[in-house]
Structure formats: structure tokens, C-alpha cells
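Notes follow the structure.
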2 protein chains.
Amino acid sequence: MSHTVGIRRTQKLKTRQALLGAALQLLEHQSLSSLGLREVTRAVGVAPTAFYRHFEDTAALGVALVEEALGSLHGMIGEILAATGDSEVRLDRSVDLIIHHVREQPAHFRFIAREQHGGVGPVREAIAAQLLSFAEEVAATLAEDPDSRGWSDEDLLMLGGLYVDHMVLTASAMLEAGPAGEHRVAEVARRRLRLVTLGRLHWLDGTNPADAPGVPCTSDDD
Amino acid sequence: MSHTVGIRRTQKLKTRQALLGAALQLLEHQSLSSLGLREVTRAVGVAPTAFYRHFEDTAALGVALVEEALGSLHGMIGEILAATGDSEVRLDRSVDLIIHHVREQPAHFRFIAREQHGGVGPVREAIAAQLLSFAEEVAATLAEDPDSRGWSDEDLLMLGGLYVDHMVLTASAMLEAGPAGEHRVAEVARRRLRLVTLGRLHWLDGTNPADAPGVPCTSDDD
DNA sequence: CAATTGAGAGTACGAATGTTCACTGACTTG
DNA sequence: CAAGTCAGTGAACATTCGTACTCTCAATTG
């Protein structure tokens, strides 16, 4: 029997993680489709051939990076969705959380934004799949909100996708703007969210209130 | 004086255009940062060194492609903005125009979507500048709309940017979905536009029409 | 018409790429 | 403890790359 569990496996995971980390760093200034296998191994300090022990392709490495990056994003979305209170407050909190996570994991956001429409098919698909599941998660949470009474599943998913796309766009804009422009980007993001929220509140205005119990006259406080 | 005008210049422009076209085609399956100089010249059937007669870099070629691609986009935006009639009708027409242009110039849209957040700085900046000017153009047109009475310039630009971003996102989604999914993507795009339009109509609901329009002052983040 | 220009061809170079193969040696297992 | 597994090594491979040269010769110019 083995008492010591995986000294070997541990070391392997360590180098694998090192490869992922080095790649993420190198991808700050280029896209995945131009990332060289040797480039990554050189940064880690490992022989080029060792790469194959972990990934078949740089594309496969990219897919692994998607998992990693959107894993951390998943946590953030959970935080946003868990927020309570006035919609304006939740809106501010959402943007603040995006700011915070972009500062903490800039490379992850940059990678997602860059490769979402990038040149490597499998990576694009992986990102699309993950973002879709995020949108579904958001939609499911929205469905529980009283403001979403009478909404069809399709519309909820549409709105969830809108929020997710907006999040990625905002994060990318912040990275591009740098610390100096963060404030401005955040302000615009807030306004956009506000606009979408307004549209959301009036989505069912034209529909039959007997059919779908919407909000014909839940007056907004002023 | 020269009677014949630029047989030589004409030929040069022709090869330049051939280089741009070949590059655009090659960029269908990769990003600009991995596009090789030789790759482009080989596709055109010209010596690698001839490339330098037209562009200093592949990055410079990318910037030239931005001009070309967003030139055609500019025409489309003009068409969209020139549309008249009910907002629902204009909305449908906008999406139809996007569909039409994506079908006609898929490579241009793909290039813009891909390199907007891509690995080549100068190209990113060129795209950002052009898209900003589009947003300003949209904002200027929105300003003339009766529905936009009382809107601040900042809010108008925010909305214009939202429309532009949405357009790029929609075009990219259509390319990804292919002809089969075009319909579905168009439907979602319409709903999103409808939501934004609703938000737009209620943007000033809470503000005092006699007082200064706009958004109440916001809290600053840390 | 003679002189000049300049787009493109051709060759050559060093550097870097992905991938193969046989190998070592520390860890794991029976 | 002996046998086997396997992460990582190092050399070698055929390509591809960007770029620096010289050269050609048709279009332009004065």
C-alpha cells in the first residue's frame, strides 16, 4: 500500500499549474493562436517535450485555461447574484465586484475577452459554453425575482445573456482603460445597467395584465 | 507631364489590395498576432520582400484592415440611422441590416470582433477609436430624436456605445452560429434591442422635468 | 530619347518553431 | 526490495519565419 499519497502526482500538477500560469502571463500581450509551445516551457524552465505530458496542443492548454478562468468568474457571479436589497444598490455592488475581480485576476478576464472571439475554435466553444451556463444561472436567479413575474424562459435567458455579455465587455474595457480610466468605465457600466434594469421593469407593459400579472402600476418611488 | 495616369500606382494599389484580401481570408481561422508575413505574400503569389513595399509590419496591415472593414461598417450604420418610422420597425430594420451586411462581408465583421480585444495593440486602438466615433455618430443622431429630450451628452454617448457594442456582439454571434442559427441570434438581438429601447423611454422617469436632467449623483467606489 | 525611379524577384542568413525518439532516474507498486 | 511506471531531459529533424542584401526591368520623368 502507499502511505504517501502522490508525491509524483503532486509534482506533476505543480508543473501543469506552472505551465498554465506562464501561458496566462504570456497571453497578456498576444493571442493564443500565436502562443508557442516552446515559449511556455521556456518560461517555466522545463524541456519543450515535457509539455506533451500535460497537454496535447496549445489549444488544449487554452481549454484548460478557460476552465480555470471561468471557475473564478463563477464565484464572482455567485456573489453578484447573492446580493440583496434595492436594485440600485445591487447594481452598484455588481460593478464594484467586477472592479474588484478585474483588479485581482486581470489575466483571467483578459484571456476570456480576448479568446471569446479568438482564432482557436475549441477555446471559443469552451468559453461560449461556460458563458451560456452563466447566463442560465443568472436567468434562473432572475426567475425568482418578483420583478420577473410573467417572463418567459426565453426572455429570462435573453436578459441573463445580456448581463453576462455586459460583464465581459465591462471587464475588458477596464483592462484597456487601466487604473486611471477605471472610474469612468465603471460609471458608464452603471448607467448601462440602469438602462437595462429600466427596460426590464417595463418589459411586460404592453402585454395583457390578465394573462400575465405584470406591473402595470407599481409606481416607482421618488 | 504624364498622359497616362499611374499605370504603376494602379498596379501597386492592386497588389496592396491583394495583400489585404489574402490577409483577411487567412484571418478567418487565426488571429492577427499569429499571421505571418510570408503567409500573406505566398497566398498572393508574390515575393516575401514585396510585402515591405506596402506595409512595415503585419500590425500595420492590420490597421489598414481596420480602416477598410469599418469603412463598410460606416455605411451600414448610416443606413440604420437613416431609417424612419416606428421604433419597433426601425429595430427590426436594424437587425435585418446587420444580417445582410454580415452575410455580405463576413470576414470584415469577424476581423473586427476578433481583433477588438486581440493581441495587437495598435489594431485594438484603431478599432476602439473607430467604434467610438461610430458611437458618437449614433449619439448625435439620437440627440435629434424627440425621445431623447432632456438627455445629457454623456448619457447619449453611453446609449450610442451600447448600440454599437450590441451590433458587434450580434454580428459575431451570427458568424459563430452560422446560417442555421442566424434566425435565433436575430430574434435574441431584437429582444435585447427592445429591452434597451424600453429602458431608453423611461430613462428620465424619475427626474424632475423642470430640473436638470440626468442621473442623480452616484457613490464613488473605493 | 536617355536617365531615373521603384515594385517586385531572388538568394541567403540566423533564429525559432513543433515533433520524434531514446534516455534517465525518482517515485510507486506488488 | 525488485520491477515497473512515467515526468522530465537532451539531441536531432524538417520547416517556417522575418529580414537584409543585390538585381531586374517596365513605368515614369525631364
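The sequence lines fix the lettering, A, B, ..., with proteins before strands; numbering per chain opens at 1. Just so we're clear, the structure is a prediction, and the values are computed from it rather than from any experiment.
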To the nearest Å, give me how far apart CZ (F51(A)) and P (dT20(C)) are.
->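 Nearest whole value for this atom pair: 13 Å.
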
Requested in this report: Quickly work out the R53(A) CZ to dC27(C) C1' distance and round it to whole Å.
Outcome: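 Going from R53(A) (CZ) to dC27(C) (C1'), I get 14 Å.
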
For nucleotides 1-5 of chain C, tabulate all protein N/O to nucleotide N/O atom pairs closer than 3.5 Å, reporting atom names and distance.
from	atom 1	to	atom 2	distance (Å)
dT5(C)	O2	R8(B)	NH1	2.8
dT5(C)	O2	R8(B)	NH2	3.2

Polar atom pairs (N or O), protein with nucleotides 15-17 of chain D, under 3.5 Å:
from	atom 1	to	atom 2	distance (Å)
dC17(D)	OP2	R42(B)	NH2	2.3

List the atom pairs, donor and acceptor, that lie under 3.5 Å between side-chain atoms in residues 34-48 of chain B and the rest of the protein, sequence neighbours left out.
from	atom 1	to	atom 2	distance (Å)
S34(B)	OG	S33(A)	OG	3.0
S34(B)	OG	Q30(B)	OE1	3.0
S34(B)	OG	S31(B)	O	3.0
E39(B)	OE1	G36(B)	N	3.0
E39(B)	OE2	Q30(B)	NE2	2.8
T41(B)	OG1	R38(B)	O	2.9

* To do: Find the bend of the helix from dC1(C)-dG30(D) to dG30(C)-dC1(D) as the angle between its two terminal axes (five pairs each), to the nearest 10°.
  =>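 Comparing the axis at each end, I get an angle of 30°.
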
Can you list every pair that meets salt bridge (charged side-chain N to carboxylate O under 4.0 Å, His left out) and has a residue in residues 169-189 of chain B, with sequence neighbours left out?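 Checked against salt bridge (charged side-chain N to carboxylate O under 4.0 Å, His left out) - neighbours excluded - the pairs reaching residues 169-189 of chain B are R124(A)-E176(B), R103(B)-E182(B), E187(B)-R190(B), E187(B)-R191(B).
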
Would you mind writing out the side-chain donor-acceptor pairs for residues 160-169 of chain B within the sub-3.5 Å range, not counting sequence neighbours?
from	atom 1	to	atom 2	distance (Å)
D165(B)	OD2	R192(A)	NH1	2.9
D165(B)	OD2	R192(A)	NH2	3.1
H166(B)	NE2	T170(B)	OG1	3.4
H166(B)	NE2	A189(B)	O	3.4

Whether T15(A) contacts dA7(D) is assessed here as follows: a side-chain N or O lying under 4.0 Å from the phosphate OP1 or OP2. Is that the case?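 No, because none of the side-chain N or O atoms of T15(A) sits under 4.0 Å from OP1 or OP2 of dA7(D).
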
| dT19(C) phosphate, OP1 or OP2, under 4.0 Å from T49(A) side-chain N/O |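 So the side-chain polar atoms of T49(A) never come under 4.0 Å of the phosphate oxygens OP1 or OP2 of dT19(C).
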
To the nearest 0.5 Å, how far apart are CZ in R16(A) and CZ in R9(A)?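 Separation between the atoms: 13.5 Å.
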
Go through F109(B) and H101(B) one step at a time and tell me if the ring pair (Phe, Tyr, Trp, His ring centres under 6.0 Å) criterion holds. CA-CA 9 Å; F109(B) 280 92; H101(B) 277 80; 7.1 Å; no

